[in-house]
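Proteins come first, then strands; the chains are lettered A, B, ... in the order of their sequence lines, and each starts at number 1.
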Amino acid sequence: MENIKGLKRTRLCTELSVNDVGKEVVLMGWVQRRRDLGALIFVTLRDRSGIMQVVFNSEADPELHKKAFQLRSEYVIAVRGTLALRSPEAINRNMPTGELEVLAKELRILSKSETPPFHIEENSDANEALRLKYRYLDLRRPDLQGNLILRHRVAKIARDYFDANGFLEIETPVLTKSTPEGARDYLVPSRVQPGKFYALPQSPQLFKQLLMISGFDRYMQITKCFRDEDLRADRQPEFTQIDLEMSFVDVEDVIRVNEGFIQRVFREILDIELPVPFKRLTYKEAMERFGSDKPDTRFGLELKNVSDIVKDSGFKVFSDTIANGGCVRAINAKGAGTFSRKEIDALGETVKTYGAKGLAWIVIEDNGVRSPIAKFLTETELQNLKERLEAQVGDLLLFVADKEEIVFNSLGHLRLVLGEKLNLIDHDKYDVLWVTEFPLLERDEEENRWVAKHHPFTSPMDEDIEYLDTDPSKVRAKAYDIILNGYELGGGSIRIHDIELQNKMFNIIGFSDEEAKERFGFLLEAFKYGVPPHGGLAFGLDRLVMLLAKTSNIRDVIAFPKVQNASDLMTNAPDYVDEKQLEELCIKTVEPSEN
RNA sequence: GGCCCGGUAGUUCAGUUGGUUAGAACGCUAGCCUGUCACGCUAGAGGCCGAGGGUUCGAGUCCCUUCCGGGUCGCCA
């Protein structure tokens with residue numbers, strides 16, 4: 001093994017251009033590939049910027065050529081040589097540095113490598129579990145390097161943009177207090193106070209509110225958050241938020257400053273100019289039209305309420321559902337009348353996933369309809385349905401009857417499936433919108449109480465405060481989510497800054513004064529000493545970068561992600577610890593119970 | 001916790017109704033080769049068919065259990 005003594009790297013591979021031809025250069029990096037033509041050896045050298053061809057010619061230097069013969073994939077080398085223009089017939093147009101090559105004068109093997117378990121290349125088809133076990137090799141691939149560089153750039157834009165707008169980056173604790181409500185906490189035992197635990201933050205929510213009370217006026221932080229819930233393609237147990245909070249603002253102020261941020265990200269990263277202000281939908285409208293509070297509005301297929309048409313229908317599934325307080329809604333899948341019975345059944349399975357009992361359907365044909373339910377419907381009902389759904393020959397009408405919640409959820413997801421299946425989604429389009437006026441509260445049927453839909457510090461809308469006592473379900477919140485192509489990019493709210501209202505909120509979600517004091521006493525105490533009106537928002541940085549990188553897997557934009565069972569295949573975390581460590585923490589483990 | 005998909009050389013995969021010695025490509029090793037760039041040519045090595053149990057004369061293939069990975073529902077204020 002050799003060292004780099006006396007050699008200094010001049011440039012990265014792709015920083016060299018035809019203007020540098022004739023200069024002596026020193027490159028350092030990994031052997032991407034060796035092509036051995038006998039007396040002539042080509043090596044593609046890879047560094048973070050890209051690749052450059054290096055030539056070893058036995059005629060020019062037999063000793064050096066002999067040394068180059070030893071090179072294998074992923075050896076780390078330093079090469080000193082002359083940058084040369086390739087002869088015209090040897091130019092590789094598929095390579096950014098394809099006009100150039102380095103004629104080697106010196107080679108040092110800085111580190112050898114075993115044959116890697118998978119080939120380091122763009123668009124690797126190697127199994128992801130294998131790539132995660134050897135993540136440091138996976139991260140050598142240009143696509144992942146590009147993703148992490150992109151991530152860095154987005155984070156930098158966030159810091160620059162919010163700095164320019166008067167925000168201060170302030171760190172908040174990672175070891176903090178467990179709070180009720182919300183996701184499961186990750187707990188950290190205290191050694192000095194046996195039996196007590198810290199919790200890792202689900203978000204810095206309370207700390208940023210306290211910073212407003214401290215008078216910092218505008219705060220931002222790029223920070224890790226932790227939620228002990230099951231993973232998804234777009235969800236990791238530890239993730240990063242661009243978190244911010246502002247004083248003396250209302251909804252419009254928060255929205256405006258964040259539109260500017262997203263606009264700048266798209267301008268600088270993708271060279272796309274997003275028009276502001278962004279579209280807005282109220283929560284109610286989003287649900288009614290798209291069956292989702294994070295609608296993908298790149299395509300139509302909107303939901304239509306047909307309850308009034310079929311409320312007295314002979315089809316009991318419809319009329320009984322409505323009689324029991326439910327509803328019937330439908331999607332017109334334009335042109336999907338050609339779907340086979342099997343395909344329609346598969347759509348039925350889709351809605352069943354979301355709790356629907358079934359999917360009723362009608363195909364509009366030249367001379368009438370084809371449908372298992374048509375015989376239960378009168379001619380008038382059929383005619384009204386067609387009109388409401390703007391049905392034409394060749395269309396497939398799809399109906400779900402159930403509680404509103406299930407109808408929205410199942411049709412909302414069916415809509416996405418149909419959008420894909422009917423190829424209605426323009427994957428090069430970026431569709432950004434705000435969803436506003438979320439309900440403040442929702443009913444937890446299991447616990448039979450109200451819970452905060454956003455969090456318990458969210459302010460109700462001024463005009464709805466009167467309903468807090470009479471009909472909490474009617475109260476809308478000063479909460480807003482920002483949605484990109486059907487993904488929730490971020491969300492936030494104006495907070496309650498009045499101690500009376502905050503106490504009332506705790507009471508409505510079932511906290512006694514004692515419990516509220518126990519859990520959030522520090523906040524209520526702070527509320528006694530002059531609280532500016534404030535509000536904020538948090539973006540999911542991972543998700544934002546994921547969408548900018550055009551991948552649907554959040555692991556592709558995280559350096560060391562976790563797999564579905566929340567373990568890290570490289571480090572093998574989580575893992576058992578020494579009995580000694582547990583003793584010191586006064587912790588005993590028990591076998592998990594069956595069931 | 002539920003549902004769906006997957007696990008066979010280093011890698012990506014094929015493997016028929018259960019039937020002889022489990023194949024291919026890439027990679028790897030060695031040799032030849034002075035303009036390659038997915039270099040080419042020749043030869044070679046390489047397998048706990050995820051694991052355990054069962055059925056069978058016989059299991060990569062069928063059954064049961066289990067482990068691992070992915071997607072998803074629940075969950076994620």
Side-chain angles (χ1 to χ4, degrees), chain A residues 32-45 51-60 65 69 72-74 84 86-95 97-98 101 103 114-122 124-134 137 179-185 202-203 205-206 225-237 239 346 349-356 406 409-410 413 417 438-442 444 446 450-458 477 479 488 491 493 505 509 540 552-553 555 562-565 567 569 592 594-595:
Chain A
Q32 174 70 27
R33 220 176 196 89
R34 183 192 62 145
R35 288 179 294 278
D36 181 356
L37 277 69
L40 194 61
I41 294 175
F42 296 100
V43 167
T44 24
L45 179 75
I51 55 177
M52 172 66 78
Q53 173 161 285
V54 182
V55 189
F56 297 91
N57 192 324
S58 66
E59 210 169 75
H65 171 269
F69 180 76
R72 293 293 181 272
S73 290
E74 302 308 315
R86 298 194 198 180
S87 64
E89 62 278 8
I91 287 173
N92 184 348
R93 298 282 168 206
N94 302 318
M95 194 173 150
T97 58
E101 62 189 1
L103 308 175
E114 290 186 12
T115 303
F118 55 91
H119 189 219
I120 313 296
E121 61 183 345
E122 200 154 5
S124 173
D125 57 1
N127 181 278
E128 199 185 359
L130 186 75
R131 294 197 283 113
L132 287 169
K133 181 176 174 190
Y134 298 95
L137 297 181
T179 51
E181 305 286 288
R184 250 175 244 115
D185 284 323
Q202 297 177 28
S203 84
Q205 183 59 36
L206 295 174
C225 303
F226 306 86
R227 294 178 189 175
D228 185 5
E229 297 294 347
D230 287 351
L231 287 79
R232 287 288 186 279
D234 65 347
R235 236 164 60 189
Q236 285 270 309
F239 60 101
E349 289 307 310
T350 299
V351 298
K352 281 180 187 168
T353 314
Y354 300 94
I406 287 175
N409 198 21
S410 58
H413 281 91
V417 169
F438 278 79
L440 183 70
L441 299 153
E442 60 190 355
D444 183 327
E446 257 175 47
W450 293 103
V451 293
K453 187 165 176 72
H454 190 48
H455 57 56
F457 317 103
T458 301
E488 182 191 330
S493 63
M505 186 67 183
I509 62 174
S552 52
N553 181 343
R555 293 184 295 273
K562 293 180 173 53
V563 297
Q564 195 153 260
N565 66 7
S567 62
L569 295 180
E594 298 298 315
N595 68 31

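- You'll find that the side chain of A:Ala183 is closest to B:C76, out of B:C76, B:U34, B:C37.
- Nucleic acid contact class of A:Asp234 (heavy atoms, under 4.0 Å, all strands): none.
- Nearest nucleotide to the side chain of A:Arg555, out of B:U11, B:G71, B:U34: B:G71.
- Residue A:Ile41 is classed as having no contact, given no heavy-atom separation below 4.0 Å to the nucleic acid.
- For A:Phe42, taking side-chain heavy atoms from C-beta onward, the closest of the listed nucleotides B:U12, B:C33, B:U36 is B:U36.
- Within 3.5 Å, a donor on the side chain of A:Arg232 pairs with an acceptor on the base of B:G74, or the reverse.
- A 6.0 Å sphere centred on NZ of A:Lys133 holds no more than 12 heavy atoms belonging to other residues, nucleotides or ligands.
- For the C1' atoms, the distance from B:C39 to B:C49 is 34 Å, rounded to whole Å.
- Residue side chain A:Asp230 reaches the base of B:G74 through a donor-acceptor N/O pair under 3.5 Å, judged by distance alone.
- Between B:C75, B:U11, B:U34, one nucleotide has an atom nearer to the side chain of A:Ala126 than all others, and that is B:U11.
- Within 3.5 Å, no donor on the side chain of A:Glu114 pairs with an acceptor on the base of B:G10, nor the reverse.
- Side chain A:Arg235 to base B:C75: a donor-acceptor pair is found below 3.5 Å.
- Considering only side-chain N and O atoms, A:Gln564 lies under 4.0 angstrom from the phosphate OP1 or OP2 of B:G71.
- Evaluation of atom-type donor-acceptor distances gives a pair under 3.5 Å for the side chain of A:Arg86 against the base of B:C37.
- For A:Arg35, a side-chain nitrogen or oxygen approaches OP1 or OP2 of B:C39 to under 4.0 Å.
- Not a single donor-acceptor contact under 3.5 angstrom links the side-chain atoms of A:Asp228 to the base of B:C76.
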